[in-house]
Amino acid sequence: MTTTRTKVTKEVTKEWLKDSAVRAAAVAVVGALVIMLMAVGAFFSAKGMENTISVTGSARRAVVSDMAKLSITLRRSASFDTLATGYKHMNTDTGDVKGVILREGFAEGDVSITPPSADQIYDNSNPAPEDRKFDIREYIEVRSTDIAKIESLSRSITSVDLDGLIVEVRPVEYMYTKLSDIRGDLFAEAIKDAKVRAEAIASVSGRRVGKIKTAATGVVQILTPQSVEVSDYGTVDTSSVNKDVMVTARATFNVR
């Protein structure tokens, strides 16, 4: 009885080992196939990369600003007790300054005025509440396509003489508003520039550049003439009438 059981156990063990060997062999074959497929995939991926080239091109065009903005700040000081009166004076001052602007030939739509505000002027001597001082401010903005007229106003508005009123003027800001009209052409020129660069690189290895595969435009840079001070987020110059608009493009070409 014991001998019979021993024989059965040996036979089962042989079958189990045989199945294990088969399973192990199968696992090894599958593993080899996976490794081979990964290698083939990597090979084709590498070959795919070898058959393309990515280059950045750029295009630049000189433009002239077609809009100007003048920012004017009106200031008047007041004490805590005279703050309400100071606001009334500021409203009158704003009306007078706006009248000067309109007489210079600007339209109502060219002028925008924000509500007045007051900031406390801090004093380290800790004055009593009734002795606190405040700086009342009013902001006026004038926009026009007549740049010469804006520049003239920037010089004349400071001559306004109203008792207790301070007139501050920021430098004129110059803008170009027709960017959408030229962006497409600049993008096409940047792609052409990228292809020229790609051809120069490919020629070194005896390759030729084929059709474009992908293209993406970068941010638009509005610069002072001949400037190279670009930014990853785009630069917008407002200090000069004459500007350069620059566009970059990243293009990938097939090579053969």
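One is the number of the first residue; the rest follow in order along the sequence.
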Practice item. Please answer whether the main-chain N or O of Met90 pairs with a side-chain N or O of Thr94 as donor and acceptor at a distance below 3.5 Å. Key: yes

Review point. Would Val63 end up clustered with Ile222 when hydrophobic side chains under 4.5 Å apart are linked, directly or stepwise?
Key: yes

Review point. When you look at CG of Asp119, are more than 12 heavy atoms from neighbouring residues, nucleotides or ligands closer to it than 6.0 Å?
Key: yes

Practice item. Mark yes when over 12 heavy atoms from residues, nucleotides or ligands other than Arg61 sit less than 6.0 Å from its CZ; otherwise mark no. Key: yes

Review point. Are Lys149 and Phe106 in a cation-pi setup, meaning NZ or CZ lies under 6.0 angstrom from the ring centre and within 45 degrees of the ring axis?
Key: yes

Check your understanding: Do Val230 and Val219 pass the side-chain contact (heavy atoms from CB on, under 4.5 Å) test, and can you show the C-alpha distance, the side-chain angles, and the key distance before you say yes or no?
Key -> CA-CA 10 Å; Val230 299; Val219 296; over 6 Å; no

**Study point:** Straight-line distance of Arg155 CZ to Ser152 OG, nearest 0.5 Å
**Key:** 5.5 Å

Point to revise | Hphob cluster co-occupancy, Ile157 + Ile140, side-chain heavy atoms under 4.5 angstrom | key: yes

Check your understanding: Would you say the side-chain atoms of Thr92 pair up with the backbone N or O of Lys88, donor to acceptor, closer than 3.5 Å?
Key -> yes

Point to revise | Any donor-acceptor pair under 3.5 Å from Asn254 side chain to Thr52 backbone | key: no

Study note, to complete from the structure: For Ile147 and Ala68, the nearest pair of non-hydrogen atoms, with its separation, is CG1-CB, 4.0 Å

Exercise for review: Can you sort out the partners of Arg75 under salt bridge (charged side-chain N to carboxylate O under 4.0 Å, His left out), two or more places apart, ordered by chain and number?
Suggested key: Asp135, Glu168

Point to revise | Inter-residue atom distance Ile166.CD1 - Ser77.OG, 0.5 Å rounding | key: 6.5 Å

**Study point:** Thr82 side chain to Ser79 side chain, donor-acceptor N/O pair below 3.5 angstrom
**Key:** yes

Review point. For Tyr87 and Ile136, what are the C-alpha separation, side-chain angles and deciding distance, and is it a side-chain contact (heavy atoms from CB on, under 4.5 Å)?
Key: CA-CA 7 Å; Tyr87 272 115; Ile136 303 174; 4.2 Å; yes

Exercise for review: Decide yes or no for Pro116 and Asn91: does some side-chain heavy atom of the first lie under 4.5 Å from some side-chain heavy atom of the second?
Suggested key: yes

**Study point:** side-chain contact (heavy atoms from CB on, under 4.5 Å) between Leu162 and His89, intermediate numbers included
**Key:** CA-CA 10 Å; Leu162 296 172; His89 283 309; over 6 Å; no

Review point. Atom CD1 in Ile150, atom CG in Asp110: separation rounded to 0.5 Å?
Key: 7.5 Å

Practice item. Answer yes or no: is there an ion pair linking Glu199 with Arg208, defined by an N-O contact shorter than 4.0 Å? Key: no

Pairs of donor and acceptor atoms involving the side chains of residues 174-188, under 3.5 Å and at least two apart or interchain, shall be tabulated with distances.
unit_1, atom_1, unit_2, atom_2, d
Tyr174, OH, Glu151, OE2, 2.6
Thr177, OG1, Asp66, OD1, 3.2
Thr177, OG1, Asp66, OD2, 2.7

Review point. Counting N and O atoms only, with roles assigned by atom type, does the side chain of Glu173 sit under 3.5 Å from a partner on the main chain of Thr238, one being a donor and the other an acceptor?
Key: no

Revision key, fill the gap. Of all heavy-atom pairs linking Ala59 and Ala190, the shortest is CB-N, 3.7 Å

Exercise for review: Say whether Val245 and Val64 are linked into one hydrophobic cluster, either directly or through other cluster members, by side-chain heavy-atom distances under 4.5 angstrom.
Suggested key: no

Revision key, fill the gap. Between the NZ atom in Lys211 and the CZ atom in Phe253, the distance rounded to the nearest 0.5 Å is 13.5 Å

Point to revise | Between Thr56 and Arg250, a side-chain donor and acceptor under 3.5 Å | key: yes

Review point. Would you say the side chain of Leu223 lies within less than 4.5 Å of the side chain of Asp237, judging by non-hydrogen atoms?
Key: no

Exercise for review: Mind running side-chain contact (heavy atoms from CB on, under 4.5 Å) on Thr235 and Glu229 for me, showing each step along the way?
Suggested key: CA-CA 8 Å; Thr235 300; Glu229 296 182 4; over 6 Å; no

Check your understanding: Looking only at heavy atoms, which two atoms of Thr224 and Ser239 are closest? And how far apart?
Key -> CG2-OG, 3.9 Å

Exercise for review: Please name the pair of heavy atoms, one in Ala118 and one in Leu83, separated by the smallest distance, quoted to 0.1 Å.
Suggested key: CB-CD1, 4.1 Å

**Study point:** Donor-acceptor under 3.5 Å (Ser65 side chain, Met67 main chain)
**Key:** no

Practice item. Mind listing the closest non-hydrogen atom pair of Ala78 and Gly86 along with its distance? Key: CB-CA, 4.5 Å

Point to revise | ILVMFWY network linking Val196 to Ile191, side-chain heavy atoms under 4.5 angstrom | key: no

Check your understanding: Is any side-chain N of the basic residue among Glu141 and Arg143 closer than 4.0 Å to the acidic one's carboxylate O?
Key -> yes

**Study point:** From CD1 (Ile53) to CD1 (Ile201), nearest 0.5 Å
**Key:** 4.5 Å

Review point. Rounded to the nearest 0.5 Å, what separation is found between the CG atom of Leu74 and the CZ atom of Arg137?
Key: 11.5 Å

Check your understanding: Does any non-hydrogen side-chain atom of Glu189 lie less than 4.5 Å from one of Arg60?
Key -> no

Check your understanding: Under 3.5 Å, side chain of Asp193 to main-chain N/O of Ser58, donor-acceptor pair present?
Key -> yes

Revision key, fill the gap. Minimal heavy-atom distance between Ile101 and Val142, with the atoms involved, is CD1-CG2, 3.9 Å

Review point. What about Val111 and Tyr139, same hydrophobic cluster or not, with Ile/Leu/Val/Met/Phe/Trp/Tyr joined at side-chain heavy-atom distances under 4.5 Å?
Key: no

Check your understanding: Quick one: do the Thr214 and Thr252 side chains pair a donor with an acceptor below 3.5 Å?
Key -> yes

**Study point:** Heavy-atom donor-acceptor pair, Arg76 side chain to Asp163 backbone, under 3.5 Å
**Key:** yes

Practice item. Look at the side chain of Gln221 and the backbone N and O of Val247, then say whether any donor-acceptor pair between them is shorter than 3.5 Å. Key: no

